[in-house]
Amino acid sequence: MRLSRYFLPVQKETPAEAEIVSHRLMLRGGMIRQASAGIYSWLPLGYKVLRKIENIVHEEQQRAGAIPVLMPTIQSADLWRESGRYDDYGAEMLRIEDRQGREMLYGPTNEEQITEIAGAGIRSYRDLPRILYHIQWKFRDEVRPRFGVMRGREFLMKDAYSFDLDKEGARHSYNRMFVSYLRTFERMGLKAVPMRADSGPIGGDMTHEFLILAETGESGVFLDRDLAELSLGEGAIDWEDAPALQAIVDRWTASYARTDETHEEAVFEAEIPENRRLTARGIEVGHIFYFGSKYSKPLNATVMGPGGEAVPFESGSYGIGVSRLAGAIIEASHDDKGIIWPEAVAPFEVAVINLRQGDEAADAACESLYATLTARGLDVLYDDRDERAGAKFATIDLIGIPWKLVVGPRGLKEGVVELVSRRTGETQNLAPDDAINRLADIYGRAS
RNA sequence: CGGAGCGUGGCGCAGCCUGGUAGCGCACCUGUUUUGGGUACAGGGGGUCGCAGGUUCGAAUCCUGCCGCUCCGACCA
């Protein structure tokens, strides 16, 4: 993409309403524009990031065995009456009426809907287990939306729902999602720690929140420092192997990790030696829980069990805040110049900066790099604006492109361009071809 | 929902108290200049001052009502 033809309304000055860094940077970087309280348009740059995050979630969900569907944003009130939640949900649910006066609602979540779908489509225990998920816009009429996309009223969420015959099966499904979440967040360059959540009326140990550590997080977190160092790595996972999955879950839940909601200082101090006690802030980006037959019973969603009896599903639901992640990643990865995108979610993989637009040699070299990098499958932003070098650097650093390829007459005389890392600032002087190969290597593109 | 505050060009703000031709910086357009980390100068375009009503010869400014938005607290992916 040539920046001179892109839609990137960056701003020098910080909009007055933005209080936290991700919100400021998303506004300044031209990623989003507020439409009304807690509701945002995603401009091209923000939309690219959102799609990248979404794709990683899709890939990892399906890898773990979940099946994508897409349910509507607008739901009928009837289903919610059956589950009893139409009245329980309160003012957070946006209720609307169609022209016939039928009561509808903009879905804040989809347990009822998916349970109805599963109930109609799954008849026999032989069809179990199943995990269905979708990534869809939700609306919750928050009392107080804030922090940009971190707590919007309209937000993009991945929600998965598992269907099993019994609790043992449900645990396997739960563990699939648990491990899938570890992979998902790790791929995005995030350090996400599963923490025991408040299990509410259901009880039991099968509910966890996944929080990424960031200074501006909304929740206080208390954990064993060692947990924050765990890494799943790239190794293959056998998703059908229940004991193996359980072993991974056990590793991540072996030690103390809780938010301020469930924190017990005495237990923390008893279990964790002082030098390993980590007190920090965290942002919740995922939440998984097992809820048994909470919805299948009232909605009468059953399968025929092996004994010929109708059995309500054993279910769980598993959420990831997809749009929130865009903000959360920025909270976890920025500096005073702007965003620092992890490579996996960067809106562009490399920026070519022409230091002297209009200089014959520089223009030719940039055009050539742009064409070759693109042909090699890299997503390139070529800053071909008629701006001074400083302005280009400021823009590209603000929007957080992980790698800059800096091209100017001086370097070209020596036969080199500069490859600069956004994260470390480290600069390498390389021949253009070497720089291309290096970038292809970084992003795993075949040569 | 309780508390506080703000709505003046795309963004950041002044003007309001004490009514009298709507202003500054950034951004944008034109020209010159400059060219390796947000050049400099000159010229220029753009605003029914959130909406409605009222007071007044005259309202961004005073009064009333409404709407929108933000921040702090209790709840949430």
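The structure presented is a predicted model; accordingly, all values stated were derived computationally and were not measured. In the text below, chain A, chain B and the rest are named by the order of the sequence lines, each starting its count at 1.
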- Task: Determine the contact category for Asp359(A): base if any of its heavy atoms lies under 4.0 Å from a base atom, sugar-phosphate if only primed atoms, P, OP1 or OP2 are that close, otherwise nothing.
- Result: nothing
- Message: Say we look at A22(B) and A59(B): how far apart would their P atoms be, to the nearest angstrom?
- Response: 12 Å
- With sugar-phosphate meaning primed atoms plus P, OP1 and OP2, does Gly358(A) contact a base, only sugar-phosphate, or nothing at under 4.0 Å between heavy atoms? nothing
- Message: Could you tell me if Gln357(A) and Lys392(A) have a donor-acceptor pair between their side chains, going purely by distance under 3.5 Å?
- Response: yes
- Between Pro15(A) and Leu398(A), which is nearer to the 5' end of RNA chain B once each is assigned its nearest nucleotide? Pro15(A)
- Kindly indicate whether the side chain of Glu13(A) and the base of G25(B) share any N or O donor-acceptor pair separated by less than 3.5 Å? yes
- Query: Are Asp363(A) and Arg356(A) within salt-bridge range, i.e. N to O under 4.0 Å?
  - Reply: no
- Calculate the interatomic distance between Asn429(A) atom CG and G36(B) atom P; express it in whole Å. 17 Å
- Rounded distance in Å between the C1' positions of C17(B) and U61(B): 9 Å
- Base, sugar-phosphate alone, or nothing: which one does Pro409(A) contact when heavy atoms must sit under 4.0 Å apart? base
- Item | Same-atom distance (C1') from A40(B) to U34(B), integer angstrom | 7 Å
- Note on the structure: When both distances are under 3.5 Å in a Watson-Crick or G-U wobble arrangement, the nucleotide paired with A77(B) is none
- For G31(B), what is the paired nucleotide under Watson-Crick or G-U wobble rules, both distances under 3.5 Å? C41(B)
- Message: Between C62(B) and C16(B), how far apart are the two C1' atoms, rounded to whole Å?
- Response: 10 Å
- Message: Aromatic contact between Phe289(A) and His208(A), with the criterion being ring centroids under 6.0 Å apart: yes or no?
- Response: no
- Rounded C1' spacing from A14(B) to G7(B) in Å: 15 Å
- Kindly state whether the ring of Tyr174(A) and the ring of Tyr290(A) have centres lying under 6.0 angstrom apart. no
- Given Lys138(A), which of Thr73(A), Asp159(A), Thr109(A) fulfils the side-chain hydrogen bond (donor to acceptor under 3.5 Å, both in side chains) condition? Asp159(A)
- Please determine, for C71(B), whether a Watson-Crick or G-U wobble partner exists with both distances under 3.5 Å, and give it or none. G3(B)
- Protein proximity profile, nucleotides 69-77 of chain B - base contact B, sugar-phosphate-only contact S, no contact -, cut-off 4.0 Å on heavy atoms: SSBBBBBBB
- Item | Partner nucleotide of G9(B) by Watson-Crick or wobble geometry (both distances under 3.5 Å) | none
- Message: Rounded to whole Å, please give me the gap between CG in Asp141(A) and C1' in C1(B).
- Response: 13 Å
- Rounded to the Å, how far apart are Ile353(A) CD1 and G38(B) P? 13 Å
- Message: Which residues in residues 47-75 of chain A have a heavy atom closer than 4.0 Å to any atom of RNA chain B?
- Response: none
- Task: Report, as a single string ordered 5' to 3', how protein heavy atoms within less than 4.0 Å touch nucleotides 28-35 of chain B: B base, S sugar-phosphate only, - not at all.
- Result: ------BS
- Base partner of A22(B), which must satisfy Watson-Crick or wobble distances under 3.5 Å: none
- Which whole-number value in Å describes the distance from Arg24(A) CZ to G12(B) P? 13 Å
- Contact nearer the 5' end of RNA chain B, comparing Ala391(A) with Gln11(A): Gln11(A)
- Task: Answer yes if the ring centres of Trp137(A) and Phe155(A) are under 6.0 angstrom apart, and no otherwise.
- Result: no
- Task: Using a 4.5 Å cut-off on heavy atoms from C-beta on, say whether the side chain of Gln75(A) contacts that of Asn110(A).
- Result: yes
- Value rounded to 0.5 Å, distance of CD1 in Ile67(A) from NE2 in His134(A): 14.5 Å
- Asp383(A) atom CG is separated from G36(B) atom C1', nearest whole Å, by 14 Å
- Task: Specify whether Tyr256(A) and Phe268(A) have parallel, tilted or perpendicular ring planes, treating 30° as the upper limit for parallel and 60° as the lower limit for perpendicular.
- Result: tilted
- Query: When the aromatic ring centroids of Phe147(A) and His23(A) are compared, is their separation below 6.0 Å?
  - Reply: no
- Note on the structure: Side-chain contact check for Lys12(A): nearest option of G10(B), G12(B), G38(B) is G38(B)
- Message: Applying the Watson-Crick and G-U wobble criteria at under 3.5 Å, what pairs with G53(B)? Answer none if nothing qualifies.
- Response: C63(B)
- Query: With distance as the sole test, does Arg324(A) use its side chain to make a donor-acceptor pair with the main-chain N or O of Glu284(A) at under 3.5 Å?
  - Reply: yes
- Glu54(A) with Lys158(A): basic N within carboxylate O range, under 4.0 Å: no
- ring-ring contact (aromatic ring centres under 6.0 Å, His included) with Phe178(A): of Tyr318(A), Phe210(A), Phe185(A), only one passes, and it is Phe210(A)
- Whole-Å C1' distance, A42(B) and U33(B): 11 Å
